[in-house]
Amino acid sequence: MEIKPIKTDTDYQVALKRLHEIFDAPIESPESDEADILALLIDDYENKHFQIGPPDPIEAIKIRMEELSLKQIDLAEAMGGTNRVSEILNRKRKLTIEMVRKLTNKLNLSAEILITDYDLVV
């Protein structure tokens with residue numbers, strides 16, 4: 001077992017290939033230990049080089065709607081009617097502070113996410 005830091009994309013690809021080869025190694029075998037260490041190194045490299053930011057407010061709402069199996073009508077009261085929900089989700093209108101307050105409670109989303117600026121479709 002030769003473990004070394006992942007410093008380049010080539011190192012990363014080699015580590016991924018090796019992890020794939022030994023992924024199903026029996027527990028407590030040398031290959032299993034190597035897989036654990038490689039997974040940590042790969043995770044560290046990915047966190048540094050492939051950061052994923054939080055979703056914008058509209059994507060966050062859509063994700064939470066899917067998680068809670070909600071339809072647009074379910075947000076009508078919080079957003080001022082079904083037409084308003086459609087306008088917001090289609091990026092034709094911005095969220096208001098009142099909507100943010102109601103959605104924060106209804107969807108259990110952080111107000112910080114909902115107040116982030118986003119572009120409208122013109």
Side-chain angles (χ1 to χ4, degrees):
M1 166 172 53
E2 182 184 333
I3 302 283
K4 62 181 187 167
I6 300 173
K7 296 179 180 177
T8 66
D9 189 55
T10 302
D11 293 343
Y12 174 67
Q13 295 302 325
V14 169
L16 284 175
K17 183 178 180 210
R18 178 63 181 153
L19 181 60
H20 182 72
E21 292 169 359
I22 61 175
F23 188 77
D24 292 322
I27 294 175
E28 298 199 22
S29 68
E31 290 82 12
S32 175
D33 292 342
E34 181 182 359
D36 290 343
I37 295 167
L38 277 174
L40 291 171
L41 291 171
I42 290 168
D43 184 56
D44 182 62
Y45 183 84
E46 289 174 344
N47 287 335
K48 289 178 183 171
H49 294 89
F50 305 116
Q51 293 180 349
I52 299 173
D56 75 5
I58 303 307
E59 287 305 312
I61 292 169
K62 289 177 179 180
I63 290 167
R64 189 53 57 104
M65 286 175 66
E66 185 175 325
E67 290 172 349
L68 300 174
S69 300
L70 297 176
K71 297 186 182 334
Q72 287 189 15
I73 190 114
D74 299 319
L75 300 182
E77 185 180 329
M79 296 174 83
T82 54
N83 288 341
R84 188 63 38 93
V85 174
S86 182
E87 291 173 343
I88 298 294
L89 294 181
N90 288 309
R91 299 173 187 272
K92 304 233 182 247
R93 181 182 293 266
K94 295 264 186 176
L95 289 166
T96 66
I97 295 298
E98 189 62 29
M99 289 177 197
V100 169
R101 286 182 185 126
K102 290 178 180 179
L103 290 171
T104 297
N105 292 326
K106 182 158 186 75
L107 300 177
N108 195 25
L109 284 171
S110 162
E112 185 177 344
I113 290 173
L114 295 176
I115 64 171
T116 304
D117 195 25
Y118 59 94
D119 293 328
L120 294 178
V121 175
V122 190

Remaining members of the apolar cluster that contains Leu103, side-chain heavy atoms under 4.5 Å:
Ile58, Ile61, Met65, Leu68, Leu70, Leu75, Met79, Val85, Ile88, Leu89, Leu95, Met99, Val100, Leu107, Leu109, Leu114, Ile115, Tyr118, Leu120
Does atom CG of Asn83 have more than 12 heavy-atom neighbours, drawn from other residues, nucleotides or ligands, at distances under 6.0 Å?
no
Residue pairs fulfilling ring-ring contact (aromatic ring centres under 6.0 Å, His included) with at least one residue in residues 63-87, sequence neighbours excluded:
none
Which residue pairs satisfy the salt bridge (charged side-chain N to carboxylate O under 4.0 Å, His left out) criterion with at least one member in residues 16-29, sequence neighbours excluded?
Arg18-Glu21, Arg18-Glu34
Return each pair, listed once, that meets salt bridge (charged side-chain N to carboxylate O under 4.0 Å, His left out) where at least one residue sits in residues 109-122; pairs must be two or more places apart or across chains.
Lys94-Asp117
What ring-ring contact (aromatic ring centres under 6.0 Å, His included) pairs are there with at least one residue in residues 47-95, not counting sequence neighbours?
Tyr12-Phe50, Tyr45-His49
Qualifying salt bridge (charged side-chain N to carboxylate O under 4.0 Å, His left out) pairs with a residue from residues 77-87, counting only residues at least two apart or across chains
Arg84-Glu87, Glu87-Arg93
List for me each residue that meets side-chain contact (heavy atoms from CB on, under 4.5 Å) alongside Pro55, sequence neighbours excluded, and say none if there are none.
Glu59, Ala60, Ile63
Joining Ile, Leu, Val, Met, Phe, Trp and Tyr whenever any side-chain heavy atoms lie under 4.5 Å apart, the cluster holding Ile113 also takes in none
List in chain and number order the residues that pass side-chain contact (heavy atoms from CB on, under 4.5 Å) with Lys48, two or more places apart in sequence or in another chain; answer none if no residue qualifies.
Asp44
I'd like to know if Ile6 and Ile37 are part of one continuous hydrophobic network [Ile/Leu/Val/Met/Phe/Trp/Tyr, side-chain heavy atoms within less than 4.5 Å].
yes
List the residues meeting side-chain hydrogen bond (donor to acceptor under 3.5 Å, both in side chains) with Asp56, not counting sequence neighbours, and say none if there are none.
Arg91
Once side-chain contact (heavy atoms from CB on, under 4.5 Å) is applied, do any residues pair with Ile73, and if so which ones, sequence neighbours excluded?
Lys71, Thr82
Tell me, please, which residues at least two apart from Thr8 pass side-chain hydrogen bond (donor to acceptor under 3.5 Å, both in side chains).
Asp11
